[in-house]
Protein chains: 2
Amino acid sequence: MHFSSRTEYGVKAMLDLALHYGEGPVPLRAIAGRQSVSEHYLEQLMGALRKAGLVASARGAQGGYELAREPGSITVGDVVRALEGPIAPLPCVEEDGRAHCDEIARCVARTVWVRLRSSMEEVLDSTTFADLCQKALQQRNTGDSFMYYI
Amino acid sequence: MHFSSRTEYGVKAMLDLALHYGEGPVPLRAIAGRQSVSEHYLEQLMGALRKAGLVASARGAQGGYELAREPGSITVGDVVRALEGPIAPLPCVEEDGRAHCDEIARCVARTVWVRLRSSMEEVLDSTTFADLCQKALQQRNTGDSFMYYI
DNA sequence: GGAATCCCGAGTGATCCGCTGGGAATTCGT
DNA sequence: ACGAATTCCCAGCGGATCACTCGGGATTCC
């Protein structure tokens, strides 16, 4: 049970953008280099993030990506949903109605998955990229060796 | 991001066994029938659960499976780990040391995954099959139409 | 015009999932 | 002793998804 690495890379990229928020568009090449991810692969993820309205893109020379809103209003959950689909440990507890299981009303096992989903959403939706930025800067200031995200 | 249906079926099967705890071995066929799962497929899952020490098996006629311990001492987390491996949203936050990422100490994104893992474990490890049994019986008593698990 | 970008779709090898099949070993009832 | 009921084990398999790569088109700045 893992999120795919799309999500891992996507969150890293978004954090990178958050750390450069307000400085104009950041080209993919720069992000890919800092995060050691294939530029071409990252491109696909950014496409999804753009369609989800989380990043804005500028084409042409001096173009690139930037956050579509301020870091404090974008959560990790937003990114996960954009890249991975609805957050749900099993199909039968996805939020959109499609049941996929006709025993929903009286399925006892399902109560566990519902609680699990809530608890996952609580963590993911309560963490914004502003929070992560702050943590990153803190880490940089306490002279903690070297900062990964420049 | 879903658990595989191994887990879904496995939890249902374990709950079935829990509801028949103390009545001697339950044959696979009975479980498979009640839970509408392929008997042969369920067999594989039970193999994993047996190796994890969660169920005991009796071969031959009148054989079958039963919980290896009392329902109150087996959690949903136990079953998930037996069928799905360590609970971790990303490989880099698996409990056994294997890092897979050399930036662990200063990777800010990782803190989110760690918190997520904890929160998932908290839910899964705090739910025992005795709890689920109780919920199932409650539901049966409140005349809630019909009980799925007989 | 030319370089730097984003944009898009197609292809690919590996891996896993969900399931099926066949058959051996074990145990119980008669 | 026999046969039915069961667990056990291994092997295969079609489809899906993942993590990429490749190639090329469109756009924008200098």
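In what follows, every chain begins at residue 1, and chains take the letters A, B, ... in the order their sequences are listed.
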In whole angstroms, how far is the P atom of C:dC19 from the CG atom of B:L28?
15 Å
Atom CD of B:E39 to atom P of C:dG21: distance rounded to whole Å?
13 Å
Can you give each donor-acceptor pair under 3.5 Å made by side-chain atoms of residues 77-84 of chain B, sequence neighbours left out, with the distance rounded to 0.1 Å?
from, atom 1, to, atom 2, distance (Å)
B:D78, OD2, B:T75, N, 2.9
B:D78, OD2, B:T75, OG1, 3.3
B:R81, NH1, B:G77, O, 3.4
B:R81, NH1, B:D125, OD1, 3.1
B:R81, NH2, B:E121, OE2, 3.4
B:R81, NH2, B:D125, OD1, 3.4
B:R81, NH2, B:D125, OD2, 2.9
B:E84, OE1, B:S4, OG, 3.3
B:E84, OE1, B:T7, OG1, 2.2
B:E84, OE2, B:S4, N, 2.9
B:E84, OE2, B:S4, OG, 3.3

Looking at DNA chain D, which of residues 40-49 of chain B put a heavy atom within less than 4.0 Å of it?
B:H40, B:E43
Using the test side chain to side chain contact (heavy atoms under 4.5 Å, CB included), find all partners of [X] that sit at least two apart in sequence or belong to another chain.
X: A:A130; result: A:P71, A:T128
X: B:A32; result: B:E39, B:L42
X: A:V26; result: A:L17, A:H20, A:A30, A:I31, A:R34

Taking all atoms of both residues into account, what is the closest heavy-atom pair of A:R117 and A:A88, and its distance?
CG-CA, 4.3 Å
Phosphate OP1/OP2 of C:dC17: any B:S5 side-chain N/O under 4.0 Å
no
Within the pair B:Y9 and C:dC17, is there a side-chain N or O less than 4.0 Å away from OP1 or OP2?
no
Among all residues two or more places apart in sequence or in another chain, which pass the ring pair (Phe, Tyr, Trp, His ring centres under 6.0 Å) test with B:F3?
A:W113
Hey, does A:F3 reach any base, or is it just sugar-phosphate, or nothing, if we go heavy atoms under 4.0 Å?
nothing
Sugar-phosphate, base or nothing in reach of B:R29, heavy atoms under 4.0 Å:
nothing
With B:R6, which residues qualify under side-chain hydrogen bond (donor to acceptor under 3.5 Å, both in side chains), at least two apart?
none
For residues 45-70 of chain A, which residue pairs pass the side-chain hydrogen bond (donor to acceptor under 3.5 Å, both in side chains) check, not counting sequence neighbours?
none
I'd like to know if the side chain of A:H2 pairs up with that of B:E94 as donor and acceptor (distance under 3.5 Å, no hydrogens or angles considered).
yes
For B:Q62 and for B:E84, find the nucleotide of DNA chain C with the closest heavy atom, then tell me which residue's nucleotide is more 5'.
B:E84
Of A:R50 and A:A61, the one whose closest nucleotide on DNA chain C sits nearer the 5' end is A:A61
First and last nt of DNA chain D near chain B, cut-off under 4.0 Å to heavy atoms, 5' to 3', are D:dA5 to D:dC9
